[in-house]
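Heads up: the structure comes next, in structure tokens.
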Protein chains: 2
Amino acid sequence: MERMPKKQRHQQLARLIEDNPFLTDRELTRLLKVSIQTIRLDRLELAIPELRERLKLMAERSYDPVRSLPLHEVIGDILDLQLDKSGISMFEIRDEHVFSRSGIARGHHVFAQANSLAVAVINDEIALTASADIRFIRPARLGEKCIAKAYVRSSGVQKGKAKVEVFTYVGDEMVFQGNFVIYRSAGSADEEGAGEA
Amino acid sequence: MERMPKKQRHQQLARLIEDNPFLTDRELTRLLKVSIQTIRLDRLELAIPELRERLKLMAERSYDPVRSLPLHEVIGDILDLQLDKSGISMFEIRDEHVFSRSGIARGHHVFAQANSLAVAVINDEIALTASADIRFIRPARLGEKCIAKAYVRSSGVQKGKAKVEVFTYVGDEMVFQGNFVIYRSAGSADEEGAGEA
DNA sequence: GTTCATACTGATACCTGGTGCCAATCCGAT
DNA sequence: ATCGGATTGGCACCAGGTATCAGTATGAAC
């Protein structure tokens, strides 16, 4: 019946909920061997909301992006954006982006950052990647922050095709470079051999 | 006090909840000018779960992906794999892969499928994308199943560089084509201007 | 020892957003 | 007039809590 120190229990509680937000107080009771009242006091002290509030928050986070601006559809955080001119985004390489054996980021994540920035920088209703020519200069590693800079080389508003060049850096080292051709709606009817983004 | 036909109300109800899943029955009461019991009968007939279930589902969808989206290996399901020769994978375009406005898949998902297949087909400890030249032939849309076929054109075991060509189809229409250059460890020490995957 | 603080537990009332069920209407068509 | 679907009302009940008050345990301080 030995009691675990309160601090330790708090840590456990926080960890349990963090990696399973769907736990009810009753289930936590079983896991931590304390009364439900204690669980609730603990949540109170740790400012952890009740199950329903947690789920609601998660739902909101996953819902917001759907209706809000295409900025949310960008991989990475937009740091600067001048439509039809240039843009900068930051993307931190996390566990889920790397090969576990080597800690090296999988290429499509680095590509995704560059691609979505290239699309975001185009000032149009619909913009789709038509083609791209890309080079991975050196590997990006776990924990590194990738700064992608996109420059619109030719906005092609009337032609319906824009050219965007993207460079991605970690510190002052370039890790990726890509030339993107982006289809833009630009009042024109629709695709026709058009691509995606 | 004129009553709206039931069918029409059902449509409205479905639409209202679709674009604001956070509505309680009480709020719907106000919006549709019927009693709360009617709202509940309607939800029953339309098989729309209660608020809390809706939020829970949303939370689950946004939670699961966190651990399963960063697919541990390959984006898409491997259907066939002959190392250093060829490979086939299938990837279904879901909600989370498309632009909400157009229902068109974001390019980096299609790229991710092709890229990870190109890497998987290389029979080596470590394989990283060095460069790629890609074209999005036509948009891939929500619900479509993309079949990617990768062919190793030159395995370059001694040179440390393999060339892989990938074609992605929906049905018999080609949606994507890419030429990948993959660095392979091939006993050699490590990268050096090498890329990622 | 007694006292005191902190931690924990129990019990109760109350809240939201529902489900499930039954009975009472309303309203139009036959 | 009466039948039937649509609608509404009422009540019991549920999960998963909040809020509050009271009781118990335990260890340290005096």
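Model, not experiment: these values are computed from the prediction. The chains referred to below are lettered A, B, ... by the order of the sequence lines, with proteins before strands, and numbering in each begins at 1. All heavy atoms count here, side chains included; hydrogens, waters and symmetry mates do not.
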Name the nucleic acid region contacted by A/Leu41, choosing base, sugar-phosphate or nothing; use a 4.0 angstrom heavy-atom cut-off, strictly under. base
Given C/dT9, D/dT8, C/dT19, which nucleotide is nearest the side-chain atoms of B/Thr38? D/dT8
Rounded to whole angstroms, how far apart are CG on A/Leu44 and C1' on D/dG17? 12 Å
Separation of atom CD1 in B/Ile48 from atom P in C/dG17, rounded to whole Å: 18 Å
Who are the salt bridge (Lys or Arg N to Asp or Glu O under 4.0 Å) partners of B/Lys163, not counting sequence neighbours? none
Does B/Ile88 sit in a hydrophobic cluster with other residues, and if so which ones, taking ILVMFWY side chains as linked at heavy-atom separations under 4.5 Å, directly or through other members? B/Leu79, B/Met90, B/Ile147
What integer distance in Å separates A/Arg40:CZ from C/dT12:C1'? 13 Å
Partner set under salt bridge (Lys or Arg N to Asp or Glu O under 4.0 Å) for B/Arg26, not counting sequence neighbours: none
side-chain contact (heavy atoms from CB on, under 4.5 Å) with A/Asn123: which residues, sequence neighbours excluded? A/Leu83, A/Asp84, A/Arg184
Any chance the side chains of A/Gln113 and A/Ser89 put a donor and an acceptor closer than 3.5 Å? yes
Stretch residues 50-58 of chain B: residues that reach within less than 4.0 Å of DNA chain C through a heavy atom: B/Glu50, B/Leu51, B/Arg52
Which whole-number value in Å describes the distance from A/Asp42 CG to C/dC8 P? 7 Å
In whole angstroms, the gap separating P of C/dT6 from NZ of A/Lys6 amounts to 10 Å
Take the protein atom CG of A/Leu32 and the nucleotide atom C1' of C/dC8, then report the distance between them rounded to whole Å. 14 Å
Just the atom pairs and distances: protein N or O near nucleotides 20-23 of chain D's N or O, under 3.5 Å.
none

Residues sharing B/Leu41's hydrophobic cluster, by side-chain heavy-atom contacts under 4.5 Å among ILVMFWY, directly or via others? none
Output yes when at least one side-chain N/O atom of B/Arg26 is less than 4.0 Å from OP1 or OP2 of C/dG18, else no. no
Kindly give the cluster partners of A/Leu57, where membership spreads through any ILVMFWY side chain lying under 4.5 Å from a current member. none
Phosphate oxygens OP1/OP2 of D/dT7: is one of them under 4.0 Å from a side-chain N or O of B/Arg9? yes
A/Tyr169 six-ring centre to A/Lys149 NZ/CZ under 6.0 Å and within 45° of normal: yes
D/dA6 P sits how many Å from B/Gln8 CD, rounded? 15 Å
Which ILVMFWY residues can you reach from A/Leu44 by hopping between side chains whose heavy atoms are under 4.5 Å apart? none
Under 4.0 Å from OP1 or OP2 of D/dT8: is there any side-chain N or O of B/Ser35 that close? yes
Length of the CG-P vector between B/Leu23 and C/dT16, whole Å: 18 Å
